[in-house]
Amino acid sequence: MLTTDVFPYLLGLSAFMFSLGAAGVLIRRNPLVVFMCIELMLNAGNVALVAYGRFLNSQEGQIFAFMVIVVAAAEVVVGLAIMTTIFRLGRKLDVDDLSELNE
Amino acid sequence: MTLLLGIVMLLAAISALGVVLSRQTLYSALSLVVTLSMVAVIFLLLNAQFLFAVQIIIYAGAVMVLFVFIIALLNPEAEDRPAFDWRSWIGIAAVAGITILVFVTARNGITYNDGGLRGAQIGRVSDPYHTFSFPPDAVNAAGNVQTVAGQLFTTFILPFEITSLLLLVAAIGAVYLTRREHSGS
């Protein structure tokens, strides 16, 4: 049986994964890797939600984590569709090159 | 069990580093598979069996297969890694700083009561939700899927219904974005 001693470590892991994902979104230029870093951030949020739910004796954390998973799946579908469209236009997969909306 | 949780958390952290630092996109994807599986094991150890199954099926299964498929289709070349200079230290300091800050705050700023069963003292103990408490033993006796579904279809029925709309919009959006333009029709 887990005790509450592990709770700060779980929150620390969550913060580590989230900040690492945020750093990855900022430093990587491949949009596919940027998407993977967003997935990393969403999973960090899920870890925190489930940990809070477990140690607050509540099920709400799991429900919200479930919703986050659904939203992440929908986001991946649309994001990868955008990426195939970019590829079909013959553009290089690089977030620095993709500035059509800026012009 | 605590030792297992420690090992799994360590593996999750290392593979999360692999996602961000790999030069090849495919290596990032494979590291992410490891991270998601380890997060699933953390869910299992935290008494969330339903989320464990959902995480394995949807994330490690569907989403990552989609990622690997797109990587194989688009075949992006490896990035040249930016030089390790003073800006790298900003990133390292930010990640380490946020992690340590959250850990120290959680370690020292949260008080526990009821022998830790009730958990963090964020709200009042006498709040109405205290009567709707779900201690792990009671949840395991009733079944994790049963309790999650019981809440999902009663208290959280509106978010659940909105989810179906979201999935419909995502499907229509994907079809719209990837459709082929027919000139002259």
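All chains are named by letter (A, B, ...) in the order of the sequence lines, taking the proteins before the strands, and each is independently numbered beginning at 1. Source: prediction; values computed, not measured.
- For the options Ile86(A), Val76(A), Val77(A), Ile69(A), heavy-atom pairs under 4.5 Å to chain B are most numerous at Ile69(A).
- Only the side chain of Leu42(A) comes within contact range of chain B, with at least one heavy atom under 4.5 Å from a heavy atom of that chain.
- Aromatic ring pairs are classed by plane angle as parallel below 30°, tilted from 30° to 60° and perpendicular above 60°; the pair Phe50(B) and Phe66(A) is tilted.
- Interface remark: of the candidates Tyr176(B), Phe103(B), Phe160(B), Phe103(B) forms the most heavy-atom pairs closer than 4.5 Å to chain A.
- Judged purely by distance below 3.5 Å, without hydrogens or angles, the side chains of Asn47(B) and Gln62(A) never pair a donor atom with an acceptor atom.
- Atoms CE and CG, on Met9(B) and Leu13(A) in that order, are 4.5 Å from each other to the nearest 0.5 Å.
- Ranked by non-hydrogen atom pairs under 4.5 Å with chain B, the options Val78(A), Val25(A), Leu26(A), Leu32(A) are led by Leu32(A).
- Most heavy-atom pairs under 4.5 Å with chain A, from the set Val95(B), Leu166(B), Val102(B): that is Val95(B).
- At a 4.5 Å heavy-atom cutoff, Asp94(A) makes no contact with chain B through either its backbone or its side chain.
- For the options Ala62(B), Gly91(B), Ala13(B), heavy-atom pairs under 4.5 Å to chain A are most numerous at Ala13(B).
- The closest donor-acceptor contact from the side chain of Ser28(B) to the backbone of Val33(A) lies at 3.5 Å or more, if one exists at all.
- Residues Arg107(B) and Phe7(A) have side chains not in contact (no heavy-atom distance under 4.5 Å, counting atoms from C-beta outward).
- Residue contact with chain A, scored on non-hydrogen atoms closer than 4.5 Å, involves the side chain of Ile42(B) exclusively.
- A donor-acceptor pair under 3.5 Å links the side-chain atoms of Arg88(A) to the main chain of Thr178(B), judged by distance alone.
- Two residues are said to be in side-chain contact when any heavy atoms from C-beta on lie closer than 4.5 Å; Phe69(B) and Leu80(A) fail this criterion.
- Paired with Met36(A) under the rule side-chain contact (heavy atoms from CB on, under 4.5 Å), one option of Thr35(B), Thr25(B), Val63(B) passes, and it is Thr25(B).
- Counting heavy atoms from C-beta on, the side chains of Leu177(B) and Thr84(A) never come closer than 4.5 Å.
- Applying side-chain contact (heavy atoms from CB on, under 4.5 Å) to Phe16(A) and the options Ile98(B), Leu17(B), Ile100(B) leaves one that passes, Leu17(B).
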